[in-house]
Structure formats: structure tokens, C-alpha cells
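Just so it is clear, the structure is predicted and the values come from calculations on it, not from any experiment. Chain letters run A, B, ... following the sequence lines, proteins first, then strands; residues in each count from 1.
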Amino acid sequence: MALHAQSRLATHYQEPGTKHHELRTSPTLDHRSHCGTFPAMTVRTRFAPSPTGFLHIGGARTALYNWLYARHHGGTFILRVEDTDADRSTTESMQIILDGLKWLGLDWDEGPGVGGDYGPYFQSERNEIYDRYLAKLEASGHLYEDDGAIRFRVPDKMITVSDAVCGEVSTNLKEQGSRRYDAETKKEVEANPDIVIKRPNGGYIFHFVNVVDDIEMAITHVIRGEDHLSNTPKHLALFEAFGTTPPVYAHIPLNLNPSGTKMSKRDQGALIHEYQENGFLPAAVNNYMALLGWSAKDDQEIFSLEELKARFDLPGVNSSNSKFDYDKCRWVNSEHLKHLSAADLLTRARPFLTRAGIEASDVRAPAALELARDRAQLLSEIPAVIATIFAETVTYDEVSVTKAREKNDLSQVITALADGITAADDWTVDGIKAAINEAATGIGMKMGALMLPCRVAVMGSSTGADLVPVLVLLGKDEVVKRLNGFAAMIG
RNA sequence: GACCCGUUCGUCUAAGGGUUAGGACACCGCCCUUUCACGGCGGUAAUACGGGUUCGAAUCCCGUACGGGUCGCCA
């Protein structure tokens with residue numbers, strides 16, 4: 001089902017114009033009057049990005065939480081594009097956001113590319129719906145014109161948000177909105193508390209379309225960043241004016257950068273497409289994002305997406321902001337890397353191997369990947385570990401060579417190694433170890449002392465994959481050739 | 001500036017009236033590994049501060065400090 005939706009997305013989402021255009025005639029009370037009353041209601045959550053930039057980790061985490069909540073409760077996850085600001089919305093940005101969600105595996109049941117009964121799913125195509133709702137407010141006397149813009153009269157009373165994460169928060173919009181802070185003069189100035197919902201140019205404003213769409217799309221739970229908590233009373237005022245029960249709100253804490261300020265695109269780990277490029281697994285990114293602001297209340301930290309679906313719920317969400325920790329994110333990735341099936345590992349690593357000039361179809365590739373998965377945290381770190389196996393010529397690391405020279409008569413050691421390995425007749429891990437051991441005994445040394453020189457001579461570096469399995473993969477002829485080449489070089 | 005939210009090891013978090021305040025990342029040490037890693041074991045490290053309430057407070061209440069957010073004809 002999910003895969004189907006995604007493949008349709010891949011081929012169709014470029015034509016956002018093709019949408020279901022059925023307008024709902026009785027859009028309000030019928031489907032939501034029971035909201036919050038009966039647990040049997042069908043959960044409907046949405047992710048509503050504005051296509052004005054990249055898919056940011058904060059947005060992706062919001063999408064994840066909404067997706068997880070819907071999936072956990074057997075509900076519906078909707079993708080709605082909030083592109084009312086025509087000047088800032090771009091198709092490139094839309095593309096990046098959809099690609100990012102798709103890469104993460106957060107499939108949507110309704111939205112761009114998959115349609116649904118509550119479309120269109122682009123706000124830029126929903127003007128007739130907004131006009132209708134505007135007319136309702138106008139008829140009930142909630143609106144007035146101000147300099148070509150249309151304002152919604154806010155009520156002069158306390159409005160209480162019952163938030164699933166933050167608890168009850170009360171505000172009087174009239175009181176709050178009649179002053180505003182002027183950033184330039186750093187003073188409070190008189191202000192009009194009534195909110196603009198339509199611009200003089202005819203464009204509708206976020207607060208209005210957001211509420212109308214949540215009503216129209218029968219959204220039951222709004223999970224969003226805590227930066228929206230202060231906006232919520234405005235939204236509740238609109239719901240009340242429409243005579244509609246609002247959804248359940250859950251404002252989740254923000255993710256900050258390591259210095260404790262708002263994440264910007266320049267911060268490490270801020271942009272989802274970079275995770276893909278840097279060799280993270282989508283499951284690991286989801287896992288880490290889930291952990292920023294939510295916990296399973298036990299000691300488990302590594303979760304597959306399926307486990308997350310089973311475990312995630314609103315009570316596990318905490319209410320304080322978190323700071324992003326790239327090291328921990330890498331560690332989570334390494335844990336997922338260890339548990340990947342051999343086939344998946346090959347599939348995921350392929351682009352990185354190719355980029356490093358390693359032929360992923362090489363028969364030795366699967367075995368080489370097994371040698372690399374324990375010592376790489378990111379897919380992008382894999383090639384460096386195993387590149388020497390596939391290299392025509394060995395690249396020698398100066399520091400490693402110096403290290404190999406330190407304790408021994410290196411020429412003597414390499415010669416002994418070359419002779420011993422040439423004589424080896426059992427080309428297996430055990431057979432090779434026996435040969436190395438014999439070579440060591442022959443020159444009065446211990447086997448351990450030959451391992452580093454052998455490693456440097458054959459692999460070019462004192463670090464990398466496990467030596468003996470590498471020798472097996474390389475083949476006897478190649479190993480002897482490399483030993484002799486190294487002997488000549490240092491001779 | 002006003003209003004709102006928050007504050008447990010450096011970081012992510014658990015404990016939500018009674019625990020030697022637990023786990024994880026990072027860091028350090030030891031062990032394992034005749035190489036490189038993984039791994040195992042251990043260590044350093046926290047209840048922001050001040051008042052209450054209580055036999056007992058990280059936990060409930062008040063204040064302060066600090067951090068974040070909002071105050072758009074952006075979303």
C-alpha cells in the first residue's frame with residue numbers, strides 16, 4: 001500500500017494541477033462534531049510544509065511524529081502544501097520536500113501524487129473553499145475591511161488551549177494583541193489585535209487557511225512545533241467563529257543546535273537531503289529524530305520504523321527543547337548499519353562504492369562490506385575501509401610506514417612474510433595465519449609483531465579492515481606481489 | 001518590552017512524594033582480540049538558585065535566574 005502510494009508519487013507529483021476537485025458541501029460539523037469525545041474516531045494527522053526552502057530536520061521530525069501518531073492509531077496521514085505565499089513558494093523546494101519524505105519512508109495517504117477525498121492538497125488551489133469560509137465569517141459579522149485587507153475580529157476573552165504536551169495555556173487575544181513590540185525602536189506600540197486573514201492582493205493568510213483546511217480535511221490531531229503554541233489561541237478563535245470543534249493540539253518541543261539557538265540551514269545535521277548524501281540510513285535518521293523529544297520510557301534507544309510505529313504515542317513526548325548531537329546521530333546510524341541484511345547493505349552502499357570507484361558488482365564486494373560494516377558509522381565511510389582491496393596499486397600512508405619501520409628490521413620482516421606466504425598452500429584465514437606464524441618463527445619473532453608490517457605492506461595503512469580476511473579476498477598472487485612491491489620500495 | 005513555554009550528568013533522557021538519582025552518546029581506564037575494529041567491564045559527570053508544603057521534595061506551590069518561543073498584510 002505504502003509502496004504503491006510512493007511509486008505513484010514518483011511519477012505523478014510533478015503535475016500538482018491534477019487533483020480531485022470535489023468540494024465538500026457540508027464540511028464542518030458532520031465529521032468532527034464527535035472529535036475528542038469518542039476514542040473510536042479515526043485519527044487524521046497532517047504535515048503541512050511551506051515549499052519555500054529545504055526539508056529541515058525540525059520539519060521532518062514534525063512529519064515523523066504526525067506520521068507515527070497516525071500509523072500507531074491506524075489513522076490517516078495527510079500531506080498538505082501550504083503555498084499561499086506565491087512569491088516564496090517554488091517547485092524546486094516542493095521537490096526537495098517530497099523527495100526527503102519519500103527517502104525517510106514517510107508515505108502519505110492523501111496529498112500530492114496520491115489524491116484523496118479532501119483535496120485539492122495545495123492551498124494555492126483551494127481559493128473557492130476559502131472564499132466560502134470567508135463568506136460565512138462575513139455573514140456572522142466577524143470581519144471588517146482595513147486598508148484593503150480583511151481582518152477577523154478577535155474576541156475579548158480568555159481562550160484556553162488544552163495541549164496534549166504543554167497542558168492548559170490561556171490567553172486573551174484582544175489584550176495581548178493591542179500592543180506589539182517594535183524591533184527597531186525596541187518599544188511597545190499600539191496595535192490592532194484583530195488578525196488579518198486576507199491580503200489586499202487577495203491572498204489568504206496562514207492562520208485562516210490553516211484552520212479552514214484542518215476543518216475541511218477533518219484533521220483530528222495537530223502535532224506541530226512549539227513555536228506555534230502562541231498562535232493557537234488565534235486558531236481556536238477561528239474554530240469558534242466557524243462553530244466547529246477544534247482538533248487536539250500537541251505542541252512538541254523544538255530542536256536547537258548545539259549552541260542552544262534555533263537550527264539554521266548552516267548547522268550540521270539541519271537538512272534532510274544532506275543525511276542521504278552523507279551516508280545515513282533513513283531508518284537511523286527517523287530513529288534519532290524520534291529520540292529528540294520522545295522516549296519509550298525504558299532503556300531502548302534503537303528502534304526500527306516498525307517498532308517506532310508500535311511504541312510512539314503522545315504521552316511519551318516531553319516538553320523541553322533539545323540540542324542536536326551529531327555524534328549520537330552517527331552512533332544511531334552505526335547501530336542500524338550493523339543490523340542491516342547483507343542485501344540491503346549492498347544496496348545502500350552501492351552509490352558510495354561507485355562514487356569511490358569501487359565496482360559494486362565485484363564478486364568480492366559482499367564479503368568486503370561485511371568487513372566494513374563494523375568499523376564504519378556512515379555508509380560514506382565504508383569505501384575508505386575496503387578500497388585497498390579493489391585498488392590496482394597500493395597507496396601508502398607515510399605515518400603508517402614510519403610506524404612499521406620503528407620496531408623491526410622491516411626488510412627482513414617483509415622478505416620473511418613474502419616467502420612464508422608464497423609457501424602457503426591453504427588459502428584460508430587459518431591457513432594464512434599459520435603461514436604468517438611460521439614466517440615469524442623463522443626469524444625469531446612473534447606473529448603479532450608481523451601483523452602491522454604485513455598490514456601496511458599489503459593495505460598501505462595501519463588501519464582498515466581485518467587483515468587476514470582481506471588477504472583471503474586479495475588472493476595469494478596479489479598479496480605476494482604487494483609484499484614484493486613494498487620490499488622494493490623500502491629496500 | 002509584554003505574554004507564553006521550559007530547566008535532571010557536556011548532550012539525549014529515566015525516575016513524577018521515599019532509588020546509592022538509572023540508561024545512552026561523548027570522554028577516560030581495563031579486558032578481549034597474536035593486526036584493525038566490534039564487543040565486554042569499570043570510571044568521571046546532573047536534579048539552575050532561593051523560599052515554602054511535607055515525617056520525607058528532582059518530583060507539589062511561590063519567587064528569582066537562565067534558555068527558548070510569540071508579538072507580520074511569513075508559514
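If A:Ala376 and A:Leu292 are placed on RNA chain B by their nearest nucleotide, the residue sitting closer to the 5' end is A:Leu292.
Of all nucleotides present, none satisfies the Watson-Crick or G-U wobble test against B:U54 with each distance under 3.5 Å. In this structure, B:C71 forms a base pair with B:G1, meeting either the Watson-Crick or the G-U wobble geometry with both donor-acceptor distances under 3.5 Å. B:A15 makes up no base pair with any nucleotide shown, lacking Watson-Crick or G-U wobble contacts both under 3.5 Å. The partner of B:U47 is absent, by the rule that a Watson-Crick or G-U pair needs both atom distances under 3.5 Å. In a base pair of the Watson-Crick type (N1 to N3 plus N6-O4 or O6-N4) or a G-U wobble (N1-O2 and O6-N3), with each distance short of 3.5 Å, B:C32 is matched with no nucleotide. B:C25 is paired with B:G10 under the Watson-Crick or G-U wobble criterion, all donor-acceptor distances under 3.5 Å.
Syn is the classification of B:C38, since its glycosidic angle stays within 90° of 0.
In this structure, A:Lys297 reaches the sugar-phosphate backbone alone: every heavy-atom distance under 4.0 Å involves primed, P, OP1 or OP2 atoms, never a base. Among the atoms of the strands shown, only primed sugar atoms or phosphate atoms (P, OP1, OP2) are found under 4.0 Å from some heavy atom of A:Gly293.
A gap of 25 Å separates the P atoms of B:C3 and B:U8, to the nearest Å. When the P atom is used for both B:C49 and B:C66, the distance is 15 Å, rounded to whole Å. Taking atom P on both nucleotides, B:C12 is separated from B:C55 by 37 Å, rounded to a whole Å. Here, B:G43 and B:U20 have their C1' atoms 16 Å apart, quoted to the whole Å. Comparing the P positions of B:G68 and B:A57 gives a spacing of 32 Å, expressed to the nearest Å. When the C1' atom is compared between B:A15 and B:G67, the two are found 24 Å apart, to the nearest whole Å. Taking atom C1' in both B:A58 and B:C9, the straight-line distance is 13 Å, to the nearest Å. The same atom, C1', is picked in B:C32 and in B:A24; the two are 23 Å apart, to the nearest Å.
Ring-plane geometry between A:Tyr326 and A:Phe280 is classed as perpendicular, the angle between the planes exceeding 60 degrees on a 0 to 90 degree scale with a lower cut at 30. Classification of the A:Tyr249-A:Phe239 ring pair by plane angle, with boundaries at 30° and 60°, yields perpendicular.
The distance between atom CG of A:Asp267 and atom C1' of B:U11, rounded to the nearest whole Å, is 15 Å. The CG atom of A:Asn287 sits 12 Å away from the C1' atom of B:C12 (whole-angstrom rounding). Look at NZ on A:Lys186: it is 16 Å from C1' on B:A2, rounded to the nearest Å. Atom NZ of A:Lys323 and atom C1' of B:U7 are 11 Å apart (whole Å). One can place CG of A:Asp182 at 11 Å from C1' of B:G1, the figure rounded to the nearest angstrom. Residue A:Arg224 contributes atom CZ, which lies 15 Å from atom C1' of B:C5 at whole-angstrom precision. For A:Phe324 and B:G10, the CZ to C1' distance is 16 Å, given to the nearest whole Å.
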Summary of protein contacts for nucleotides 19-26 of chain B, nucleotide by nucleotide, where a base hit scores B, a sugar-phosphate-only hit scores S (4.0 Å, heavy atoms): ----BBB-
Per-nucleotide protein contact string for nucleotides 67-75 of chain B, where B marks a base within reach and S marks sugar-phosphate only (heavy atoms under 4.0 Å, - for neither): -SBSBSBBB
Which atom pairs, donor and acceptor, lie under 3.5 Å between side-chain atoms of residues 149-161 of chain A and protein residues at least two apart or in another chain?
| unit_1 | atom_1 | unit_2 | atom_2 | d |
| --- | --- | --- | --- | --- |
| A:Arg151 | NE | A:Asp146 | OD2 | 2.6 |
| A:Arg151 | NH1 | A:Asp194 | O | 2.5 |
| A:Arg151 | NH2 | A:Asp146 | OD2 | 3.4 |
| A:Asp156 | OD1 | A:Asn172 | ND2 | 3.1 |
| A:Lys157 | NZ | A:Glu240 | OE1 | 3.1 |
| A:Lys157 | NZ | A:Glu240 | OE2 | 2.8 |
| A:Thr160 | OG1 | A:Ser170 | OG | 2.8 |

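Geometrically, A:Arg61 engages A:Tyr65 in a cation-pi contact, judged by NZ or CZ lying under 6.0 Å from the ring centre and within 45° of the ring axis. Taking the ring axis of A:Tyr204 as reference, the NZ or CZ atom of A:Arg126 does not stay both within 45° of it and closer than 6.0 Å to the ring centre.
With hydrogens and angles disregarded, a donor-acceptor distance shorter than 3.5 Å links the side chain of A:Asn66 to the backbone of A:Thr62.
Two residues are said to be in side-chain contact when any heavy atoms from C-beta on lie closer than 4.5 Å; A:Asp182 and A:Lys186 fail this criterion.
Open room surrounds CD on A:Glu438; 12 or fewer heavy atoms of other groups in view lie less than 6.0 Å from it.
Taking the six-membered ring for Trp, A:His228 and A:Phe206 have ring centres closer than 6.0 Å. Ring-centre distance between A:Tyr288 and A:Phe324: below the 6.0 Å cut-off. A:Trp67 and A:Phe312 have their aromatic ring centers separated by at least 6.0 angstrom.
Nearest heavy-atom pair across A:Leu471 and A:Trp427 is O-CZ2, 3.2 Å.
Ion pairing between A:Arg180 and A:Glu190 fails under the 4.0 Å rule for side-chain N and carboxylate O. A:Arg88 has a carboxylate O that lies under 4.0 Å from a charged side-chain N of A:Asp85, or vice versa, which qualifies the two as a salt bridge.
Taking CD1 from A:Ile195 and CD1 from A:Ile205, the interatomic distance works out to 10.0 Å, rounded to the nearest 0.5 Å.
Considering only residues two or more places apart in sequence or on other chains, A:Phe47 meets the ring-ring contact (aromatic ring centres under 6.0 Å, His included) condition with none of them.
For residues 365-372 of chain A, proximity to RNA chain B is found at no residue, defined as any non-hydrogen atom under 4.0 angstrom from a strand atom.
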Considering only nitrogen or oxygen atoms on both sides, find all protein atoms under 3.5 Å from nucleotides 31-35 of chain B and state each distance.
| unit_1 | atom_1 | unit_2 | atom_2 | d |
| --- | --- | --- | --- | --- |
| B:U34 | O2' | A:Gly448 | N | 3.0 |
| B:U34 | O4 | A:Asn437 | OD1 | 3.4 |
| B:U34 | O4 | A:Asn437 | ND2 | 3.3 |
| B:U35 | O2' | A:Arg455 | NE | 3.0 |
| B:U35 | O2 | A:Arg455 | NH2 | 2.5 |
| B:U35 | O2 | A:Leu467 | N | 3.2 |
| B:U35 | N3 | A:Asp466 | OD1 | 2.5 |
| B:U35 | O4 | A:Asp466 | OD1 | 2.6 |

